[in-house]
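The block underneath contains the structure these notes are about, expressed in structure tokens.
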Amino acid sequence: GQLDTTCHAFVGETVVLPCTTTPAGELTLSKSMLYWQIGTKELVHFFQNGQDSLEGQDKKFHGRTSLFPDQMKHGNLSLKISNVQLRDDAEYSCIYRQTESHQTKKSTIKLNVSAPPRIEEPPSPSEQNQIPSGSPTDVPCLAVLPLSSLLLVPLGLWHL
């Protein structure tokens, strides 16, 4: 259960969860299985006998995951997840098993998903009033703000 890597992504981005194995020579993909899963129940992506096998894939990942088939035989078992969602935030296991030798390799990748960064907007009026202390306009600004918030409260109630 050792964490190998932590990845970060914003909602809507595409992220690649890294997983590599370093056997001697090339992997025989037709004789291997690759599971990407969360915990023991959520199947994110499954690859066996040289092809994707997504019947048991968790619905929330449907159409959003892919491997790198051309690089897999060289040990790149990374998983690409497109249109990342907040609910994708989890610990993912990359489990590679060779059918003949029953050799299993596992690595764990934590994916941290955060809301997309806000687009910079012009500062709101309250931010413009934050003039460094010591300037002469310091006191009038502070006096105006509480007054305007007091006026808003009765007006808001009036419309009820």
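Bear in mind that the values here come from a model prediction, so they are computed numbers and not experimental data. Just the heavy atoms: all of them, side chains too, but no hydrogens, waters or symmetry mates, feed the values below. Just so you know, residue 1 is the first one in the sequence shown, and it goes up from there.
Thr108 places a side-chain heavy atom less than 4.5 Å from the side chain of Ser93. Looking only at side-chain heavy atoms (C-beta outward), Ile109 and Ser107 come within less than 4.5 Å of each other. Contact annotation: the side chain of Thr28 never approaches that of Gln98 to less than 4.5 Å [non-hydrogen atoms, C-beta and beyond]. The shortest distance between side-chain heavy atoms of Val16 and Leu79 does not fall below 4.5 Å. Taking 4.5 Å as the limit, some side-chain heavy atom of Asp88 sits within range of a side-chain heavy atom of Phe61. The closest side-chain heavy-atom distance from Met72 to Leu34 is below 4.5 Å.
Closest of all the heavy-atom pairs between Lys73 and Leu29 is N-CD1, 4.0 Å. Closest approach of His62 and Gln57 over heavy atoms only: CA-OE1, 3.6 Å. Taking every heavy atom of both residues into account, Trp36 and Pro18 meet most closely at CH2-O, 4.2 Å. Summarising the geometry of Ala9 relative to Val15, their closest heavy-atom pair is CB-CB, 3.9 Å, with the distance given to 0.1 Å. Here the closest heavy-atom approach between residue Thr14 and residue Lys80 is recorded as CG2-CG, 3.5 Å. A pairwise comparison of heavy atoms in Ala115 and Phe10 identifies O-CD2, 3.1 Å as the closest pair.
Leu67 is connected to Leu111 through a chain of hydrophobic side-chain contacts under 4.5 Å among Ile, Leu, Val, Met, Phe, Trp and Tyr, so both are in one cluster. Note: the hydrophobic cluster containing Met33 does not contain Val44 (ILVMFWY, side chain heavy atoms under 4.5 Å, direct or indirect links). Leu43 and Leu77 are members of different hydrophobic clusters when ILVMFWY side chains are connected at heavy-atom separations under 4.5 Å.
In this structure Ser53 satisfies the side chain to side chain contact (heavy atoms under 4.5 Å, CB included) test together with Phe46, Gln48, Glu55, sequence neighbours excluded. Shown here are the salt bridge (Lys or Arg N to Asp or Glu O under 4.0 Å) partners of Glu42, two or more places apart in sequence or in another chain: Lys60.
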Assess the residue pair Gln85 and Asn83 against the criterion (side-chain hydrogen bond (donor to acceptor under 3.5 Å, both in side chains)); give the C-alpha distance rounded to whole Å, side-chain angles, the decisive distance to 0.1 Å, and a yes or no. CA-CA 6 Å; Gln85 302 298 312; Asn83 190 18; 3.1 Å; yes
Please lay out, stage by stage, how Ser82 and Arg64 fare under the test side-chain hydrogen bond (donor to acceptor under 3.5 Å, both in side chains). CA-CA 5 Å; Ser82 56; Arg64 297 196 297 125; over 6 Å; no
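A salt bridge does not link Lys110 with Asp4: none of the charged nitrogens is closer than 4.0 Å to a carboxylate oxygen.
Between atom CG of residue Asn112 and atom NE2 of residue His8 there is a gap of 5.0 Å, rounded to the nearest 0.5 Å. Once rounded to the nearest 0.5 Å, the distance linking OG1 of Thr21 with NZ of Lys106 reads 15.0 Å. Rounding to the nearest 0.5 Å gives a distance of 10.5 Å between CZ of Phe47 and CG of Leu54. The distance from the NZ atom of Lys105 to the OG1 atom of Thr20 is 9.5 Å, given to the nearest 0.5 Å.
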